[in-house]
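Have a look at the structure below, then the notes.
So you know, we letter chains A, B, ... as the sequences are listed, proteins then strands, and number each from 1.
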There are 4 protein chains.
Amino acid sequence: MSIQTRRERDAQKMKEDILAAAREISNQDGFASISIRKIAQKIEYTPSIIYHYFSNKEEILEQLLESGYLKLTTSLASSKRISDNPEDTLRIMTRTYIEEALKIPEEFAIVHSDSSPNVIKHTSFLFEGASEKRKAIHMIKKCIIDMNPQEELEGGKVELTAQSIAAATMGLTLKLIAEKNLEEAQKKKIIDYFSDEMVVRMAKYPGK
Amino acid sequence: MSIQTRRERDAQKMKEDILAAAREISNQDGFASISIRKIAQKIEYTPSIIYHYFSNKEEILEQLLESGYLKLTTSLASSKRISDNPEDTLRIMTRTYIEEALKIPEEFAIVHSDSSPNVIKHTSFLFEGASEKRKAIHMIKKCIIDMNPQEELEGGKVELTAQSIAAATMGLTLKLIAEKNLEEAQKKKIIDYFSDEMVVRMAKYPGK
Amino acid sequence: MSIQTRRERDAQKMKEDILAAAREISNQDGFASISIRKIAQKIEYTPSIIYHYFSNKEEILEQLLESGYLKLTTSLASSKRISDNPEDTLRIMTRTYIEEALKIPEEFAIVHSDSSPNVIKHTSFLFEGASEKRKAIHMIKKCIIDMNPQEELEGGKVELTAQSIAAATMGLTLKLIAEKNLEEAQKKKIIDYFSDEMVVRMAKYPGK
Amino acid sequence: MSIQTRRERDAQKMKEDILAAAREISNQDGFASISIRKIAQKIEYTPSIIYHYFSNKEEILEQLLESGYLKLTTSLASSKRISDNPEDTLRIMTRTYIEEALKIPEEFAIVHSDSSPNVIKHTSFLFEGASEKRKAIHMIKKCIIDMNPQEELEGGKVELTAQSIAAATMGLTLKLIAEKNLEEAQKKKIIDYFSDEMVVRMAKYPGK
DNA sequence: AATGAATGAGACTTCATTCAT
DNA sequence: AATGAATGAAGTCTCATTCAT
């Protein structure tokens, strides 16, 4: 390994250490109380050095959120191959989404509460046409279509249904994060019920 | 009116002025940037005097959130009398909830993202037994029962359903708040679809 | 004295203490090295309190310059009543200007080197029409006119002459400030020669 | 060319690049905001390397000022050969000085405001005997002598006159730099009047 | 010759809070 | 009831400089 690659790797590691420290603080005291000083203390360096790796605090926060969001979407995307049955696919997707989100609670909460243009740009899914632009909504839409073969589906309604499902899942997830002291058993019960039954009910058009 | 009651009333007014100022700041610059100084500037008093009415900043924030939550639940409670039809009741409740929440977006978002014990104490509804302790969940549960007369309902499942509906509604509301630049027409379409159709579908047990 | 006036006076005193401290620092280490911290240390208060009296550092610097400039112009204005002889008036004005400036060397140097609009607004005197707008130039112009009774004076030239004299005087003053280690005797010789002879020569039109 | 000389030349070039970068920064954001980092960024090297060529920041600033001053005096020196007429020589020298100075406004202003020993060492000219040690003063003195052939000139007075002229010219130049938004026409008028008429009047002893 | 990591000091500023009046 | 003075902690950031490589 050349000196340069080694240096780059070290720098990369430092960056990750900084982000990790920030993440920790976020999980302990809340995202809003992340500070350069606290990060520095955690990584046992002076605050100044942080500016060697990030140009300012904002960049750190951005990357933090981005990495969180990325993790979520990638793990979600990988879940689609699991089943051929649309109902099960929807179930698994929902469950995966919730479980992955619960691994990065603070970032998830922030990402989905933040309404700054920069974040919204990535996270919005209520706009008309979201089922084309947002992979997750698209995937849900496909499940819905497959689950209602005999129906004459109006495109707009299907999208609205998919969006509702996504919003509902996100809502439950946020609530699970906020109520972090909920008993494990109850937590499991809710996740099971929601992803196994509720979500399917939402996706299935009521028989006439 | 005695001098004392008058004083009390004045004090009450001052408290409300302070909270109102805080609310304004929250809506303008975000909840996190509420500061004693800014409040003082807004009410045109010195920062010190605020400590006459509140023992510290936290108390102000708490009461702010509480009042926001209160407004929401009271307006919700009043909606129940509107209809005798459980389906319509659920529809109206949902719509009312969303609309009222959109009037106090910042506080709503905060209340439902905050996971500090003090807030959670009031806002949690995923715990087992919530349909007894939480008016809103209780009301939803009643609607569900009325809407599924012929079913043999397992108590636990009904509560889980009610909780899911509540979480879903909250999720959609949060998303609507975050995506504040959504077009009005689309916003309306989503609210209509969700409260008129989606929520009913969630509440109705699928025929066997 | 009412409590309020007393408070105001105290506040005024504090402001002046702060400015005095700043002035001292400026004279010791240079204007550029004035810092809130150093001021605080000098007045034996915490840095924070300074923001009680000035909204930021800039305001302090501005007032510092302004006060320096003010002192100069007022002392200059008072010199005009001394003599009825225009030649002597010019001499005295010049001398007064130099001597007063040497009492506030740093501020003088700054004020007359600074080219920021805010400062220039007050200190510029090379523009056309300056003999109407600038008291000092106006006074010099009057001396020139009185000193050249038999000449047919072209207005524009008189102003240019006045401006040249002002610039020359300022230049010498600046140089005296910069060369602060100049021997007193030599310093005196130069000031004497310049204000007694040179300036008169500049003001007198050469006989044809 | 030997390797060594080549190295030296490279080193020399690097030094000049550094100084050039510093000069640019000075002209853009002001002399005071020159920083090692900014220089480094401009020459596209790391800050550290600068310490290879200069032992610290101060040395850079010093050389910067010195080089500016040098440029000025050399261009001044070259003007003397233009005319045999002492009056015209003085005129041309004055004009050249002003014009050259206006090409390096920031450095000129700094050089002539700075009172640190290192700078003063080069720029002072008010001391007794300056007409021997300072080329410019010497040249002015010679012009004065040539312009007043019939006078019995007292040596001291001639030097004082030369010094006054130099200070006056410098003063006008500084003022022209500070009032950078002065209209071009007016600027020209002043420079013309000062160098064509004023300076001659200063140099010529009044007839008895 | 050149780099990148690191430091420590210091810059301005905002904040919540206390206290005497 | 209300003020104004004051503090101390914390915030972000910039800087000159050193050192090992």
Could you state the atom-to-atom distance from [atom1] of [X] to [atom2] of [N] in whole Å?
X: A/M14; N: E/dA5; atom1: CE; atom2: P; answer: 9 Å
X: D/I39; N: F/dT14; atom1: CD1; atom2: P; answer: 17 Å
X: A/K15; N: E/dG4; atom1: NZ; atom2: P; answer: 14 Å
X: B/H52; N: F/dA2; atom1: NE2; atom2: C1'; answer: 7 Å
X: D/I49; N: F/dT21; atom1: CD1; atom2: P; answer: 18 Å
X: C/I43; N: F/dT7; atom1: CD1; atom2: C1'; answer: 13 Å
X: C/D10; N: E/dA20; atom1: CG; atom2: P; answer: 17 Å
X: A/I50; N: F/dG11; atom1: CD1; atom2: P; answer: 11 Å

Subject >> Heavy-atom protein contacts under 4.0 Å, nucleotides 13-18 of chain E, coded B base, S sugar-phosphate only, - none >> reply: BBBBBB
Under the rule for side-chain contact (heavy atoms from CB on, under 4.5 Å), what residues qualify as partners of [X], not counting sequence neighbours?
X: D/P105; answer: D/I177
X: B/L61; answer: B/F31, B/I34, B/K57
X: B/Y51; answer: B/I36
X: D/Q28; answer: D/E24, D/K42

Side chains of [X] and [Y] in contact at under 4.5 Å (non-hydrogen atoms):
X: A/I60; Y: A/I18; value: yes
X: C/S67; Y: C/Q63; value: no
X: D/H112; Y: C/L174; value: no
X: D/I120; Y: C/E179; value: yes

**OP:** Report the C-alpha distance between C/H122 and C/L65 in whole Å, list the side-chain angles of each, state the deciding distance to 0.1 Å, and finish with yes or no for side chain to side chain contact (heavy atoms under 4.5 Å, CB included).
**Re:** CA-CA 11 Å; C/H122 294 110; C/L65 294 180; over 6 Å; no
Original post:
What base-paired stems does DNA chain F take part in, with at least 3 consecutive Watson-Crick or G-U wobble pairs and both distances under 3.5 Å?
Top reply: E:2-21 with F:2-21
**OP:** Give B/Y53 one of three labels, base, sugar-phosphate or nothing, depending on what nucleic acid heavy atoms sit under 4.0 Å from its own.
**Re:** sugar-phosphate
